[in-house]
Amino acid sequence: MLFYFSGTGNSEFVATTLSNILDLELKYIPDINPADLSEANERVIFVFPVYSWGVPPLVINFIERLPVRYIENVNENSFTIDCVMTCGDEVALAPEMFSKACSKVGLKVNSIWSVIMPNNYVLLPGFNVDSKELEIRKLTECKGRILEIAEGLRSGNKRIDVTIGSMPWIKTKLIYPLFKRWGVFPRKWRYTSQCISCGKCASVCPLYNIKMQDTHPVWGARCCSCLACYHVCPVHAVAYGNVTLKKGQYFFPLRKISSRDCHK
């Protein structure tokens with residue numbers, strides 16, 4: 001089974017490609033109640049984006065809520081736990097964080113991989129999307145990397161193959177906790193006068209945190225900072241305070257935005 005989380009489509013593309021190649025059932029993490037998982041009938045792979053050089057809190061929470069019976073079934077059948085992280089440039093110590101989260105509930109990680117994809121984080125000064133040229137280059141190069149990872153996963157060998165980057169301890173141990181504490185303020189999300197009431201921001205929210213009221217979006221308190229609402233807006237009318245007003249947008253170009261069926 002392949003569990004995945006994705007906001008702007010990078011990780012969804014990786015997850016879908018790997019599930020097709022490896023013939024694994026695909027499950028979208030926000031749509032799963034861990035309590036409903038009982039028996040594991042195949043290997044387990046996690047695919048998700050790196051958030052501020054760490055594992056998204058939503059993914060950590062999912063792992064922590066896995067039922068004992070499911071974990072025991074995985075271990076009794078010697079199913080491997082593997083992980084593929086997407087990142088704009090590097091993962092720092094996110095692999096260590098993932099391994100510790102799994103170990104805490106009794107799961108042992110077999111392999112961890114990373115795939116460099118276009119950047120999408122825009123909520124802090126100095127952070128923006130990649131240039132169009134760099135975006136195209138990353139999307140072109142990621143295809144070969146995904147095939148390489150698929151072969152590695154098929155072999156079943158224990159392996160850590162990631163781009164760690166510079167100063168990983170500072171990024172994961174110091175900056176990531178700050179991101180968790182101060183990086184997500186749902187009340188800062190708003191719509192501007194350019195809003196055309198299309199509802200796309202609400203339709204792509206993985207946590208159903210956005211509701212259309214009086215033809216305009218209203219954000220609730222369950223934001224996971226995936227930025228899907230911001231990047232999918234066709235007229236750049238979704239804003240996070242004023243910090244995103246002059247920032248770029250990115251959404252995986254091959255992903256359809258018509259409905260949540262793409263998550264199922």
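Nothing fancy with the numbering, it's 1 onward along the sequence. A quick note: this is a predicted structure, and the numbers were derived from the prediction, not measured. When reading the values below, keep in mind they use all heavy atoms of this one structure, side chains included, and skip hydrogens, waters and symmetry mates.
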Study note, to complete from the structure: Smallest heavy-atom separation, Leu245 atom then His236 atom, equals O-CE1, 3.6 Å
Point to revise | Side-chain touch Thr163/Val91, heavy atoms, less than 4.5 angstrom | key: no
Practice item. Measure the acute angle between the ring planes of Phe5 and Tyr51, then classify it against the limits of 30° and 60° as parallel, tilted or perpendicular. Key: perpendicular
Check your understanding: Taking atom CG of Leu58 and atom CG of Leu207, what is their separation to the nearest 0.5 Å?
Key -> 5.5 Å
Check your understanding: Just by distance, do the side chain of Tyr28 and the backbone of Glu12 share a donor-acceptor pair under 3.5 Å?
Key -> no
**Study point:** Short side-chain to backbone donor-acceptor contact, Arg190 and Gly241, under 3.5 Å
**Key:** yes
Review point. Are any of the side-chain heavy atoms of Lys138 and Asp130 separated by less than 4.5 Å?
Key: yes
Practice item. Return the orientation label for the Phe62 and Phe46 ring planes: parallel under 30°, perpendicular over 60°, tilted otherwise. Key: perpendicular
Point to revise | Which residues share a ring-ring contact (aromatic ring centres under 6.0 Å, His included) with Tyr191, sequence neighbours left out | key: His216
**Study point:** Check: Leu227 and Thr244 side chains under 4.5 Å, non-hydrogen atoms
**Key:** no
Practice item. List the atom of Ser11, the atom of Ser6, and the distance in Å for their closest heavy-atom pair. Key: N-OG, 3.5 Å
Point to revise | Distance-only polar pair, side chains of Asn120 and Thr8, donor-acceptor under 3.5 Å | key: yes
Check your understanding: At their closest point, which heavy atom of Ser38 faces which heavy atom of Asn73, and how far apart are they?
Key -> O-CB, 4.3 Å
**Study point:** Under 3.5 Å: donor-acceptor pair, side chain of Ser99, backbone of Glu96
**Key:** no
Exercise for review: Check whether the side chains of Ser131 and Glu133 place a donor and an acceptor atom closer than 3.5 Å, and report yes or no.
Suggested key: no
Review point. Is the backbone of Phe79 close enough, under 3.5 Å, to the side chain of Asn77 for a donor and an acceptor to pair up by distance?
Key: no
**Study point:** Minimum-distance pair of heavy atoms, taken over all atoms of Asn110 and Gly156
**Key:** ND2-O, 3.3 Å
Exercise for review: Could you walk me through whether Tyr4 and Phe48 pass the ring pair (Phe, Tyr, Trp, His ring centres under 6.0 Å) test, one step at a time?
Suggested key: CA-CA 6 Å; Tyr4 82 99; Phe48 54 82; over 10 Å; no
Point to revise | Backbone of Gly152 reached by a side-chain donor or acceptor of Asn157 within 3.5 Å | key: no
Check your understanding: Where the side chain of Lys188 meets the backbone of Ala239, is there a donor-acceptor pair that is under 3.5 Å apart?
Key -> no
Point to revise | Step-by-step salt bridge (charged side-chain N to carboxylate O under 4.0 Å, His left out) determination, Asp82 to Arg159 | key: CA-CA 9 Å; Asp82 301 281; Arg159 184 175 181 182; over 6 Å; no
Exercise for review: Check whether more than 12 heavy atoms from other residues, nucleotides or ligands sit under 6.0 Å from atom CG of Asp23, and answer yes or no.
Suggested key: no
